[in-house]
Amino acid sequence: VEQECNTFLKTKVEDWQSVYQSRSIAIPRYQPVDAVSNNFIGRLAREILRVTDPRSTCYVDQLNIWYDIRSHEAVFQGTLLDRVKDALDIFGLAGLDRLFSFMIVRHLQLFQTQMERAVLNDKSLQA
């Protein structure tokens, strides 16, 4: 999770600086499978976001299911989240939560920057 969150940090945490790294049993660093994610947690988080994208899916709270807007087929069910919870346990879910938090902060920072530019460029708001 720390490796995945590093992409959102200005000051990166190197492997040797990590509190989770051990000299006797090092955490392996594998080659990335895709261009965005560094490890399994990153791929899982991005896949969950892709499958539940509000531009292509709709969540039905009563059924606890995401439906594809075009095909009207179920694409993500609550039972799948139960399986993810069972597979990752509390530690994996905490890591997933941390990664989603970093993603949210990044999007909020980008939104703030865009709004600042829009306000500064709006002639009607300037005195």
* To do: Treat each ILVMFWY residue as a node, draw an edge where side-chain heavy atoms are under 4.5 Å apart, and state whether V36 and F102 are in one component.
  => no
* Is there a path from V51 to I65 through hydrophobic residues (I, L, V, M, F, W, Y) whose side chains come within less than 4.5 Å of each other? -> no
* Search all heavy atoms of I69 against all heavy atoms of C58 and return the closest pair with its distance. => CG1-N, 4.1 Å
* **L99 to G42 - nearest heavy-atom pair and separation** => CD2-CA, 3.7 Å
* For D97, which residues count as a salt bridge (Lys or Arg N to Asp or Glu O under 4.0 Å) partner, sequence neighbours excluded? -> none
* To do: For R46, check salt bridge (Lys or Arg N to Asp or Glu O under 4.0 Å) against everything at least two apart and list the hits.
  => E4
* Taking ring-ring contact (aromatic ring centres under 6.0 Å, His included) as the test, write out the residues that go with Y59, two or more places apart. => W66
* Asked: Side chains of L88 and L44: closer than 4.5 Å at any heavy-atom pair?
  -> yes
Residues 104-117, side-chain donor-acceptor partners within the protein, below 3.5 Å, at least two apart:
| residue | atom | partner | partner atom | Å |
| --- | --- | --- | --- | --- |
| Q112 | NE2 | E116 | OE2 | 3.2 |
| T113 | OG1 | Q109 | O | 2.9 |

Side chains of residues 70-86: which donor-acceptor pairs under 3.5 Å do they make with residues two or more places apart or in other chains?
| residue | atom | partner | partner atom | Å |
| --- | --- | --- | --- | --- |
| S71 | OG | D68 | OD1 | 3.4 |
| S71 | OG | E73 | N | 3.4 |

* To do: Give every residue pair that meets the ring-ring contact (aromatic ring centres under 6.0 Å, His included) criterion with at least one member in residues 31-58, sequence neighbours excluded.
  => none
* Asked: Can you list every salt bridge (charged side-chain N to carboxylate O under 4.0 Å, His left out) pair that touches residues 50-66, not counting sequence neighbours?
  -> E47-R50, D53-R55
